[in-house]
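Below, chains carry the letters A, B, ... as their sequence lines are ordered, and counting in each starts from 1. Quick caveat, the model's predicted, so the values are computed rather than measured. Heavy-atom basis, side chains included; hydrogens, waters and symmetry copies ignored.
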Amino acid sequence: MSNPVEDAPELPRSNFVRDIIVEDVRNGKNQARVHTRFPPEPNGYLHIGHAKAICLNFGLAQEFGGQCNLRFDDTNPTKEEVEYVDSIMEDVRWLGFDWEDRCYYASDYFDQLYEWAVQLIKAGKAFVCDLSADQIREYRGIPGQPGRNSPYRDRTVEENLDLFTRMKAGEFPDGARTLRAKIDMASPNFNMRDPVMYRILHASHHRTGDKWCIYPTYDYTHGESDSIEGITHSICTLEFEDHRPLYDWYLENLGIHHPQQIEFDRLHLSNTMLSKRKLLHLVQRGYVSGWDDPRMPTLSGFRRRGYSPEAIRLFCSRIGVSKTNGLIELGLLEHSLREELNRSSARIMAVMDPVKVVVDNYPDDLVEEMDAVNNPEDPAAGTRHVPFSKTLYIEREDFRENPPKQYHRLTIGREVRLRYAYLITCTSVEKDASGEITVIHCTYDPATRGGNTPDGRKVKSTIHWVSAKHSVDFEARLYEQLFNEENPDTEEDPNKDFTANLNPKSLEVRSGKIEPSVRGAKPLDRFQFERLGYFCMDRDSTGEKPVFNRTVGLRDTWAKIESKGR
RNA sequence: UGGCUGAUCGUCCAAUGGUAGGACUCAGGACUUUGGAUCCUGCUAUGAAGGUUCGAAUCCUUCUCAGCCAGCCA
């Protein structure tokens with residue numbers, strides 16, 4: 001069933017990858033089939049950049065009635081772990097995509113890959129090389145100059161077969177030999193200068209255990225895996241553009257199904273670090289609490305922070321797909337977030353910086369249950385009761401003794417509305433020795449129950465509140481961007497510590513008072529705290545004290561006006 | 001300075017030889033029981049120079065700038 005309001009914003013947009021597919025389908029290429037794949041390496045958690053690739057690959061398959069596989073590119077046992085495999089599956093599912101029964105691993109193809117390597121050796125297109133890593137680098141040459149052939153390049157097929165078999169059998173130590181494709185040491189493209197196909201690694205693999213001590217490289221593995229799975233369009237990021245001739249070479253020389261590799265620009269988000277290596281560093285050195293720290297740009301971090309999968313998908317559809325090196329403003333992500341959360345989040349009242357209000361003419365022991373709308377954007381969300389009594393808390397900044405111009409909130413002598421409750425007028429304040437306001441005295445108009453004005457009079461402001469004796473103490477975790485710099489991922493100087501850009505104020509812990517209806521909430525439940533922002537219950541919550549992560553604040557027009565006045 | 005790829009409002013994306021458009025941001029305004037949401041208005045762009053054409057963001061030439069590539073990482 002389709003919901004145009006929900007679905008329309010996520011409609012696929014025209015982009016060059018889609019154009020290629022449209023054309024291929026029209027020409028009947030691959031029997032007009034569309035089959036894509038999302039191929040993460042299980043060496044870290046998925047981040048928002050991966051979400052772009054996931055939405056593209058799964059989205060395209062969906063749109064053209066095709067399929068999208070999940071495939072783990074697990075050819076490097078020294079960096080890969082099952083923890084990452086599990087988290088990746090969880091995150092893709094959470095984002096809203098389904099690979100059905102098509103979860104594959106490149107390691108599933110190790111036997112086939114080995115056979116194909118033997119085939120290339122027999123065809124005189126691959127050889128065992130005894131050069132060390134340093135020597136290979138030296139022989140490879142430099143830009144503008146051709147490399148030199150390895151002295152082992154002309155070994156006989158028999159010798160290559162024998163050596164390769166013994167490499168597999170574990171006769172040689174790590175790094176002693178490699179299997180290389182015999183292509184062209186003079187190619188201007190370094191990837192074609194006799195690239196390594198297999199290296200010796202006596203390491204245990206998270207899936208194949210100790211079965212192998214030689215492992216295929218990415219270049220030798222990826223295209224063949226695509227081919228085996230019948231992939232039609234192999235969509236990857238720009239840095240693999242130079243690898244495409246090699247991708248094509250393996251497939252052509254093996255004479256097997258040849259998918260088309262198409263490259264697009266990976267996501268670059270302002271004030272955000274999207275390098276897996278550096279994110280791992282933040283986790284390992286304890287700069288954040290883990291991969292799912294709500295400040296992390298990982299999908300698990302965003303989830304814990306309170307982002308919805310719909311919001312992330314919406315963002316991904318808005319940024320488009322191209323080949324330009326762009327930097328997306330964080331504001332676009334937050335805009336998509338607010339737009340989605342606004343229509344989906346239940347409202348609740350919470351006071352973050354409480355100051356006491358006493359309604360002097362309200363009966364001492366009376367408690368009234370006020371009707372409050374759960375979500376003005378969604379009538380189906382219903383209503384709830386909020387208890388009202390003589391002593392309340394309001395936000396300290398919603399009262400000013402000497403209000404600036406254009407300040408509409410409470411001040412002595414002024415009437416404002418308490419949301420869903422009564423109109424109140426401030427009469428006086430009490431202060432402590434230091435001059436800080438301790439109590440605000442008000443009177444209420446009993447005729448305005450629910451916040452209505454039977455006489456039609458207007459008040460400029462409506463503020464939120466909680467009943468003091470009914471309210472629940474809670475902890476709020478307020479986040480700001482992890483990095484101060486707009487582009488923290490430019491590593492001009494490799495020796496410079498990128499953590500120097502870390503925002504020391506990225507986390508602020510506060511406590512406040514919240515409406516008792518919060519009692520039914522569970523971790524990951526999302527709310528809008530009226531007039532404050534979107535918050536998500538954290539798993540650190542206890543029965544005593546709920547903990548909330550601030551997902552993102554509400555647009556604050558007043559803050560903008562006031563800061564301009566200064 | 002070897003190769004590959006790219007360059008359109010401040011940002012991102014579209015226009016596929018025929019009126020440069022949308023979104024975000026920003027600036028105004030309307031409305032409002034969230035200074036929220038919503039609605040309206042406005043601002044700003046084809047990297048440069050030549051050429052082809054009735055007509056060029058689009059085709060050609062030269063230049064400039066940017067990203068990526070010298071892992072037995074992916």
*Rounded to whole angstrom, note down the C1' distance from B/A27 over to B/G2.*
49 Å
*Cation over ring face, A/Arg148 and A/Tyr139, 6.0 Å, 45°*: yes
_Nearest-angstrom distance from the residue atom CZ of A/Phe38 to C1' of B/A74_ = 12 Å
_Rounded to whole Å, how long is the line connecting atom CH2 of A/Trp212 with atom P of B/C72?_
21 Å
*asked:* Less than 4.0 angstrom from a charged side-chain N to a carboxylate O is my criterion; do A/Glu239 and A/Arg244 meet it?
replied: no
*Taking the same atom, C1', in B/U58 and in B/G17, what whole-Å distance lies between them?*
7 Å
*Do A/Phe388 and A/Tyr422 have their ring centres less than 6.0 Å from each other?*
yes
*Any A/Arg140 side-chain N or O less than 4.0 Å from OP1/OP2 of B/G71*: yes
*In whole Å, what separates the C1' atom of B/G51 from that of B/A45?*
24 Å
*Kindly give the heavy-atom pair with the smallest separation between A/Thr448 and A/Leu423, and that separation in Å.*
OG1-N, 3.0 Å
*When you check the phosphate oxygens OP1 and OP2 of B/C73, does a side-chain N or O of A/Arg199 lie under 4.0 Å from one of them?*
yes
*B/C69 P sits how many Å from A/Glu263 CD, rounded?*
14 Å
*What are the residues of residues 448-459 of chain A, sorted by number, that bring a heavy atom to within less than 4.0 Å of RNA chain B?*
A/Gly450, A/Gly451, A/Asn452
*asked:* Quick test of your reading of the model: are A/Arg409 and A/Glu395 salt-bridged, counting only N-O distances below 4.0 Å?
replied: no
*Could you work out the separation of B/G71 and B/A14 based on their P atoms and round it to a whole Å?*
34 Å
*Give RNA chain B the dot-bracket treatment, 5' to 3': Watson-Crick (N1-N3 with N6-O4 or O6-N4) or G-U (N1-O2, O6-N3) under 3.5 Å, [ ] crossing, | other strand.*
.((((((..((((....[..)))).(((((.......)))))....(((((..]....))))))))))).....
*Could you state the NE2-C1' distance from A/His268 to B/C24, rounded to the nearest angstrom?*
19 Å
*asked:* Walk along nucleotides 35-41 of chain B from 5' to 3' and tag each nucleotide B, S or - by protein heavy-atom contact under 4.0 Å, base first, then sugar-phosphate.
replied: BBS----
_A/His222 versus A/Asp73, closest heavy-atom pair with distance_ = ND1-OD2, 2.8 Å
*Expressed as a whole number of Å, how far does the P atom of B/U33 sit from that of B/C24?*
25 Å
*Look at the side-chain N and O atoms of A/His464 and state whether any lies under 4.0 Å from the OP1 or OP2 oxygen of B/U34.*
no
*asked:* If the condition is ring pair (Phe, Tyr, Trp, His ring centres under 6.0 Å), which residues does A/Phe164 pass it with, not counting sequence neighbours?
replied: A/Tyr114, A/Tyr198
*Rounded to whole angstrom, note down the P distance from B/U38 over to B/A23.*
13 Å
*Looking only at non-hydrogen atoms, find the nearest pair between A/Thr36 and A/Ile231 and report the distance.*
O-CD1, 3.5 Å
*Pair A/Arg318 + A/Glu339: basic N to acidic O under 4.0 Å*: yes
_Glycosidic class, syn or anti, of B/G50 using a 90° window around 0_ = anti
*Rounded off to whole Å, could you give me the NE2-to-C1' distance for the A/His243 and B/C73 pair?*
10 Å
*Less than 4.0 Å between a side-chain N and a carboxylate O, is that true for A/Glu80 and A/Arg207?*
no
*Tell me what A/Tyr215 touches on the nucleic acid: a base, only sugar-phosphate, or nothing, going by heavy atoms under 4.0 Å.*
nothing
*Should the pair A/Arg180 and A/Phe127 be classed as cation-pi, given the thresholds of under 6.0 Å to the six-membered ring centre and 45° from the axis?*
no
_Among B/A74, B/C72, B/A70, which nucleotide has an atom closest to any side-chain atom of A/Val196?_
B/C72
*Under 4.0 Å between any heavy atoms, over every strand shown, what does A/Asp174 touch: base, sugar-phosphate, or nothing? Just pick one.*
nothing
*Strictly under 6.0 Å, is that where the ring centroids of A/Phe548 and A/Phe529 end up?*
yes
*Please state how far atom CD in A/Glu239 lies from atom P in B/G67, giving the value in whole angstrom units.*
15 Å
*P atoms of B/G10 and B/U46, separation to the nearest Å*: 9 Å
*When all nucleic acid strands are considered with a 4.0 Å heavy-atom cut-off, which category describes A/Leu131: base, sugar-phosphate, or nothing?*
base
*Between A/Phe535 and A/Phe527, does the ring centroid distance fall short of 6.0 Å?*
no
_For a quick check of understanding: with a heavy-atom distance under 4.0 Å over all strands, which category does A/Thr78 fall into, base, sugar-phosphate or nothing?_
nothing
*Treat primed atoms plus P, OP1 and OP2 as sugar-phosphate and everything else as base, then score nucleotides 2-13 of chain B 5' to 3': B for base contact with protein heavy atoms under 4.0 Å, S for sugar-phosphate contact only, - for none.*
BBSSSS--BSSS
*With nearest nucleotides of RNA chain B determined for A/His335 and A/Glu530 from heavy-atom distances, which residue corresponds to the more 5′ nucleotide?*
A/His335
_Partners meeting salt bridge (charged side-chain N to carboxylate O under 4.0 Å, His left out) with A/Glu229 (sequence neighbours left out)_ = A/Arg71
*Measure across A/Thr75 and A/Tyr218 and return the closest heavy-atom pair with its distance rounded to 0.1 Å.*
OG1-N, 4.3 Å
*Would you mind reading off the distance between A/His205 atom NE2 and B/A74 atom P, rounded to a whole angstrom?*
10 Å
*Between A/Arg531 and A/Asp398, is the closest basic N to carboxylate O distance under 4.0 Å?*
yes
*Would you indicate what A/Lys276 reaches in the nucleic acid, counting non-hydrogen atoms under 4.0 angstrom: base, sugar-phosphate, or nothing?*
nothing
*Round to the nearest Å and state the distance from A/Tyr198 atom OH to B/C73 atom C1'.*
17 Å
*Given the C1' atoms of B/A48 and B/U8, what is the spacing between them in whole Å?*
15 Å
